[in-house]
Amino acid sequence: MKYDFTAIERKWQNIWDENKCFSALNDSNKTKYYALIEFPYPSGEGLHVGHPRPYTAMDIIARKRRMQGYNVLFPIGFDAFGLPTENYAIKNHIHPKIVTKQNIKRFTEQLKMLGFSFDWSRTVDTTDPDYYKWTQWIFLKLFKNGLAYKSKIPVNWCTSCKCVLANEEVVGGVCERCGAQVIRREKSQWMLRITDYAQRLIDDLEGLDYVERIKIQQKNWIGRSEGAEVNFATTAGDIIKVFTTRPDTLFGATYMVMSPEHKLVEKWMPLYKNQDKIILYKEDASKKSDFERTELVKEKTGVCLEGVMAVNPVTGGQIPIYISDYVLASYGTGCIMAVPGHDERDWEFARAFNLPILEVVSGGNVNEAAYTDCDTGTMVNSGFLDGLSVDQAKLKIVEWLKARGLGDPKVNFKLRDWVFSRQRYWGEPIPLVFCEKCGWVPIPEEQLPVLLPDVESYETTEDGESPLSLITDWVSAVCPNCGGAAKRETDTMPQWAGSSWYFLRYMDPDNTKAPVSREAADYWGMVDWYNGGMEHTTLHLLYSRFWHKFLYDIGVVPFPEPYAKRTSHGMILGNTGEKMSKSRGNVVNPNDVVNEYGADTLRLYIMFIGDFEKAAPWSDTAVKGCKRFLDKVWNLCEAPSHGKSYSAEHDPIMNRTIKKVGDDIENIKFNTAIAAMMTLVNELSETGANKAEVKTLLTILSPFAPHICEELWEMNSFQGLCCQADWPSYDEKRMHEMEKQIAVQVNGKLRTTVTVPSDADDDTMLDATLRDDKIRKVLESFNLIKTISVKGRLVNLIVKPK
RNA sequence: GCGGAUAUGGCGAAAUUGGUAUACGCGCUGGUCUUAGGAGCCAGUGGAUUAUCCAUGUGGGUUCGAGUCCCGCUAUCCGCACCA
């Protein structure tokens, strides 16, 4: 018979579906296992060949867990709010709802075609009012707990489109759509106080099984640093607060730098002798993003605030104040004390502006470069700190400042609060109204969801407000508090909102009383294994951990962290190693691969392509190798000889392969698991396999290539379905061959190999080595000084000439 | 700039974690079968001046032994808060 993958794949997908093979049960006496992928954004382009990489990986885990006897939850859904759909709607005048529906339909077909063992009965869609009702509910809880607030913050503003732009829509300082100048403009936005959770978000990483680099990136993103807040008096009368991690260098502070947006810079405007220059500089800075400001190793720019001086609190000396764009308003207090002797950026700035550079920590040469070492230097030129180490000086100076009310120890985080509002249509409406009398008032929970109303046009208004603001009927509301006239909030939520809690909804997708019932949350507990892209490490992962901790605090969920284990996959690149993108025209559509080779081949290849954690370029020709492998499997397993156990000849490799494949799956080394199965099939093909061998092969291969295994399983009349078989066990004692080839080195260089029994001890190995002709020849002219033996590996002879 | 990573044949990669570098696959070469081959099967395949020597981006170091550990370079990729 021929391997007709098209017919086979459709056949088994239907059978699995009819038998509800992959439905997770909420009442089961089996141990639960929750495997999670990042749900896709249903884009108009459809699935591309990068999607199946993480999905296949977690499908392999889910299928293996079922075979190991777990009650597995492996769900799927759609993160469907967002910019691309909205932009498509604007361009083509189609309701995003319709576009989303079409895209989800297409994605569903494509995902089903690949044979993933998702529980389709629990599918969620973030744009479904039954879902976003609970997203709004969570927002209201945050609001009521003081974690949502309004604040003026700078946004990207397109001067021509008159709308707020996402950073991604700003390319090289101009608007991606129209090419007009983009400036930074202040706008009042809803913010979430994620910074209140900063410390817990760091601390609780401790007990989690995340890949180490993910933990490191999260910690660095949150960016905790210890230091002090120091008050500097000014000749204008105001106090400037600065945050510094190096209070020990306070004697070396020879000037100050404020961000151009600092409130005091504006307040002091009448005092300046060089107003024009300052206004010009502020304007220039507003055209640059934070990224551009700190990006280049460029000449430092800035302007002195002539007319105002600051006072160094320890020396009492007056020092000048500058504004410069290398100081960001969003970090610390938006103002720094500059210590050019011991900070690189300050040093460069001081050089550019001819400012004095003072040495206050000895050990370097501050005329050559900033000396930033904290471990070895001693304090100098620092009055009462002289002679102390940096660490001692830090403690003493903070104590000194505190006693005089001039400063305090302070922990600072790089993490900023989460900008939560968007002036966009395609997002969850923020369920608040503004009442002149009562302020911001939440919509009563029983009135949720606040439905997204239909609009004529999806573009933002002239002054950058959400299109919802144009629907006057909808905007005008009654204040739930006082019954007076009120106005609805017209901003919507960012796409991150829906994806911050979706994994909870899968546990209990049809609940109309709560986002998730306590019973379901108790049973399913933490997500056991969450795999996703490295690009989500800082934002999505952090946002969802934050929301989850909040839900834990208010008693919705019984555990403080959402994900027990987190791994990440690398990207699939185009043929030439570049990112796959529509504009490059190198996107590979999985449908084409499935039509030509079948879903099993695609799944196998995408897992074989390379290290799962690293990026890998797609190759059209290399796919064939996996198809050839499946052809070989088909030929081997079609008609095996009878045999209830492995043949003596194949016993070691059978046991070894079971162990290797099982271990490799757990360690996300799918590529070497497949290589091991290829080696096995090559060996079995030489002599033919028996029924027992075929059964094991099909079982361990089935998580990777489930359809062909299921068909061959049936052809061999094995019991039940392959996907419901037990994961095979192996015998450690039966994994090894009787004999082993070991390396023989002379002075560390390989000279020959000898064959010894696998369990040979040092003496036996040495004996065999010394009996070797080549080695005997060597020893005729050299004296043996020392031997090093490594069991089962090598013998190294250290020799000297006679 | 800040943060995270990577570098091994013509290509994707592997290496029991300090012990025979290049497993597995692609490609290529030769053979075979065939009316035909862009199918299948068999053999070969790191390089060279081949009894040996040289090879894991690059320069040092530690070690009996280094792709793996340490120090210094170089190059590349990802993220940077309103893309998802």
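Just so it is clear: chains get the letters A, B, ... in the order the sequence lines come, proteins before strands, and each one is counted from 1.
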**OP:** Answer yes or no: does atom CD of Glu666(A) have more than 12 heavy-atom neighbours from other residues, nucleotides or ligands under 6.0 Å?
**Re:** yes
**OP:** Kindly indicate whether the side chain of Gln189(A), heavy atoms from C-beta on, has any atom under 4.5 Å from the side chain of Gln423(A).
**Re:** yes
Would you say [Y] and [X] are linked by a side-chain donor-acceptor pair, where the criterion is simply a distance under 3.5 Å?
X         : Y         : value
Asn412(A) : Ser225(A) : no
Lys632(A) : Asn682(A) : yes
Glu38(A)  : His540(A) : no

Under 4.0 Å, heavy atoms only, any strand: does [X] hit a base, just the sugar-phosphate, or nothing?
X         : result
Lys791(A) : nothing
Asp79(A)  : sugar-phosphate
Lys414(A) : base
Gln189(A) : base
Tyr543(A) : sugar-phosphate
Leu415(A) : base
Val170(A) : nothing
Arg213(A) : sugar-phosphate
Arg656(A) : nothing
His540(A) : nothing

Is there a Watson-Crick or G-U wobble partner for [N] with both distances under 3.5 Å, and which nucleotide is it?
N      : answer
A36(B) : none
G65(B) : none
U49(B) : none
U29(B) : A43(B)
A15(B) : none
U22(B) : none
C2(B)  : G79(B)

**OP:** State which residue, out of Trp418(A), Phe420(A), Trp501(A), fulfils the ring pair (Phe, Tyr, Trp, His ring centres under 6.0 Å) condition with Phe139(A).
**Re:** Phe420(A)
Original post:
Which letters describe nucleotides 18-32 of chain B, given B = protein heavy atom under 4.0 Å from base, S = only from sugar-phosphate, - = neither?
Top reply: -BBS-BBSSS-----
Measure from [atom1] on [X] to [atom2] on [N] and round the result to the nearest Å.
X         : N      : atom1 : atom2 : value
Lys669(A) : U17(B) : NZ    : P     : 14 Å
Leu83(A)  : C83(B) : CG    : P     : 7 Å
Trp426(A) : C82(B) : CH2   : C1'   : 18 Å
Lys749(A) : C53(B) : NZ    : P     : 6 Å
Phe420(A) : C82(B) : CZ    : P     : 11 Å
Glu613(A) : C78(B) : CD    : C1'   : 14 Å
Trp496(A) : C80(B) : CH2   : C1'   : 12 Å
Tyr3(A)   : A39(B) : OH    : P     : 18 Å

**OP:** With C1' as the reference atom in both, quote the distance from G9(B) to G27(B) in angstrom, rounded to an integer.
**Re:** 12 Å
Subject >> Separation of the P atoms in C83(B) and A5(B), to the nearest angstrom >> reply: 25 Å
**OP:** Please tell me which of Leu165(A) and Glu212(A) maps to the more 5' nucleotide of RNA chain B, matching each residue to the nucleotide holding its nearest heavy atom.
**Re:** Glu212(A)
**OP:** Take Lys786(A) and Gln217(A), find for each the nucleotide of RNA chain B with the closest heavy atom, and name the residue whose nucleotide sits nearer the 5' end.
**Re:** Gln217(A)
Kindly say whether the aromatic ring centers of [X] and [Y] come within a distance under 6.0 Å.
X         : Y         : value
Phe349(A) : Tyr326(A) : yes
Tyr197(A) : Phe546(A) : yes
Tyr502(A) : Phe39(A)  : yes

**OP:** Establish, with yes or no, whether the OP1 or OP2 oxygen of G40(B) is under 4.0 angstrom from a side-chain nitrogen or oxygen of Lys627(A).
**Re:** no
**OP:** For side-chain contact (heavy atoms from CB on, under 4.5 Å), just list the numbers for Ile674(A) and Leu604(A), CA-CA rounded to whole Å, side-chain angles, deciding distance to a tenth of an Å, and then say yes or no.
**Re:** CA-CA 8 Å; Ile674(A) 294 166; Leu604(A) 206 61; 3.9 Å; yes
**OP:** Measure from the side-chain heavy atoms of Gln423(A) and tell me the nearest of G3(B), G79(B), C82(B).
**Re:** C82(B)
Original post:
Counting side-chain heavy atoms from CB outward, which of A13(B), C82(B), A84(B) is closest to Leu539(A)?
Top reply: A84(B)
Chi-angle category of [N] [syn within 90° of 0, anti beyond]:
N      : answer
G9(B)  : syn
U74(B) : anti
U49(B) : anti

Original post:
Can Gln218(A) and Leu542(A) be said to form a side-chain contact (heavy atoms from CB on, under 4.5 Å), step by step?
Top reply: CA-CA 7 Å; Gln218(A) 287 232 337; Leu542(A) 211 58; 3.2 Å; yes
**OP:** Fit a plane to each ring of Tyr132(A) and Phe81(A), take the angle between them on a 0 to 90° scale, and name the class: parallel (under 30°), tilted (30 to 60°) or perpendicular (over 60°).
**Re:** tilted
**OP:** Report the relative orientation of the aromatic rings in Tyr425(A) and Tyr458(A); use parallel for angles under 30°, tilted for 30 to 60°, perpendicular for over 60°.
**Re:** tilted
Could you go over nucleotides 59-63 of chain B and give all protein N or O partners under 3.5 Å, atom names and distances?
none

